Amino acid sequence: MAENRSFVSTLTGSFSTPAADNPTVAMVEAAYRALGLDARYLNCDVQPDDLGNAVRGARAMGWVGFNCSLPHKVAVVEHLDRLAGSARVIGAVNCVVRQGQELVGENTDGQGFVRSLRTVVDPAGASMVLFGAGGAARAIAVESALAGVQEITVVNRDPGRGSALVDLVSSATPARARQVVWEGTYAVPDGTAIVVNSTSVGLAPHGEDLIDVDLDSIGPGMLVADLIPNPPETRLLREAADRGAETLDGLGMLVEQGALAIEHWTGAEPDRAVMREVLEEIFGA
Ligand code: NDP
């Protein structure tokens, strides 16, 4: 007699809006298949007013965890039992993990970035220029500082968001932080080891857009990282490589934050190469 399989043992997913075309689904499910897990990752279009009900639904259905995309990363906090480590510092959650009866908020964005960063450079003692002060920048600044980056210059158009991030880094980490209000072309100071674009400039379909930076201030001895996952090779990364800088694309962070989530949910370590391959296929890298 055929086995009656009316449920999957491990349910995970993403609460996002809109839910269209989420490459994370393909990436995580490929990792589950490679691990031989009886697990699914479902993308759910959750409107802001329904977030509480969606979290209660995940609880009721025994999901082992889920990701939250914009605009739910901060709003989800009030529906959880507690926040872990850096999610508490950052004040935003991109990954929820069921531990016993509790739903615990984690933030794997910044940790994923640091893991990706460590594949090319040691952050300890480095100075960093960080373009942008949004949600991703907050996660990256905090985790980079906790990983040993010594000085962070936050370059952002909106001075309020920029100073909020500088205050957060200064109060919650050992790193020094300062703000530059981004008015006109910004020249990266000599001695900067790591340059990060955490703005949305360069995201498809505007892949040729470039942040307002003096490209001639970028050169050998610097690592230029772009968070933009699509296209993986942004114009910023191409221009930086042409000037002798090392580069790091946004796929590494996307893979690592997903791998961390899978580790939280299943206890298994996924194959990053499998995950990256799926993304490269989707984004045509
Ligand atoms: P937010 O909307 O929270 O922040 C966007 C930031 O971009 C703000 O600091 C904003 O500046 C800045 N910005 C937008 N347009 C411009 C512009 N024309 N010139 C200068 N600055 C600009 O977004 P997130 O922080 O969540 O995401 C930022 C990027 O990071 C997105 O492209 C996203 O795809 C990517 N990302 C990648 C991940 C990965 O795993 N690779 C994970 C998470 C995000 P201001 O404050 O002045 O408005």
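Both counts, for ligands and for their atoms, begin at 1 and track the order of listing. None of these values were measured; they are calculated from a predicted model. Residue numbers run from 1 in the order of the sequence given.
In terms of protein heavy-atom proximity, atom 5 (C) of ligand 1 is closest to Ser200 OG, 4.3 Å. The single protein non-hydrogen atom nearest to atom 29 (C) of ligand 1 is Thr199 O, 3.6 Å, given as residue, atom name and distance. Protein heavy atom in closest approach to atom 34 (O) of ligand 1: Pro229 CD, 4.0 Å. Nearest protein neighbour of atom 8 (C) of ligand 1, counting heavy atoms only, is Arg161 NH2, 3.8 Å. Atom 4 (O) of ligand 1 has its closest protein heavy atom at Gly134 CA, 3.4 Å. Scanning the protein heavy atoms around atom 42 (C) of ligand 1, the nearest turns out to be Met253 CE, 3.5 Å. For atom 24 (P) of ligand 1, the nearest protein heavy atom (residue, atom name, distance) is Ala136 N, 3.8 Å.
By the criterion of a heavy-atom distance under 4.0 Å, both the backbone and the side chain of Leu254 are placed next to ligand 1. The proximity of Leu70 to ligand 1, defined as any non-hydrogen pair under 4.0 Å, is limited to the side chain. Here Leu251 has no heavy atoms under 4.0 Å from ligand 1, in either its backbone or its side chain. Contacts of Leu227 with ligand 1, taken as heavy-atom pairs under 4.0 Å, involve both backbone and side chain.
Where the criterion is an N or O separation shorter than 3.5 Å, residue side chain and backbone included, Gly250 meets it with respect to ligand 1. Considering backbone and side-chain atoms alike, Ser198 places every N or O at 3.5 Å or more from each N or O of ligand 1.
Atoms of ligand 1 found under 4.0 Å from any heavy atom of Gly132 (numbered from 1 in listed order, with element): 9 (O). Below 4.0 Å from some heavy atom of Trp182 lie the following atoms of ligand 1, by number and element: 20 (C), 21 (N). Counting atoms of ligand 1 from 1 in the listed order, those under 4.0 Å from a heavy atom of Gly135 are 3 (O), 25 (O). Of all atoms in ligand 1, listed by their number and element, those nearer than 4.0 Å to a heavy atom of Asp158 are 45 (P), 46 (O), 47 (O). Of all atoms in ligand 1, numbered sequentially from 1 with element shown, those under 4.0 Å from a heavy atom of Ile228 are 32 (O). Applying the 4.0 Å criterion to heavy atoms of Ala133 picks out, from ligand 1, the atoms 9 (O).
Within the 4.0 angstrom cut-off, atom 2 (O) of ligand 1 has no protein heavy-atom neighbours. Remark: atom 37 (C) of ligand 1 lies closer than 4.0 Å to at least one protein heavy atom.
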From CA spacing to verdict: side chain to side chain donor-acceptor pair (under 3.5 Å), Ser86, Glu143: CA-CA 7 Å; Ser86 52; Glu143 293 292 350; 2.5 Å; yes
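Summarising the local packing, CD of Glu281 is surrounded by 12 or fewer heavy atoms from other residues, nucleotides or ligands at distances under 6.0 Å.
Taking each of Val154, Thr108, Asn156 in turn, the one with a heavy atom nearest to atom 11 (O) of ligand 1 proves to be Asn156. Nearest-residue assignment for atom 15 (N) of ligand 1 (options Arg157, His206, Lys73; heavy-atom criterion): Arg157.
Residue Met275 is not grouped with residue Leu227 when hydrophobic side chains (ILVMFWY) are merged at heavy-atom distances under 4.5 angstrom, including chains of intermediate members. Cluster annotation: Ile152 and Tyr186 are assigned to distinct hydrophobic clusters (Ile/Leu/Val/Met/Phe/Trp/Tyr, side-chain heavy-atom contacts under 4.5 Å, transitive).
Connectivity analysis of hydrophobic side chains (ILVMFWY, heavy atoms under 4.5 Å, direct or indirect) links Ile228 to Leu203.
Residues forming a side-chain contact (heavy atoms from CB on, under 4.5 Å) with Asp214 (at least two apart in sequence, or on another chain): Thr185, Ala187, Asp216, Ser217.
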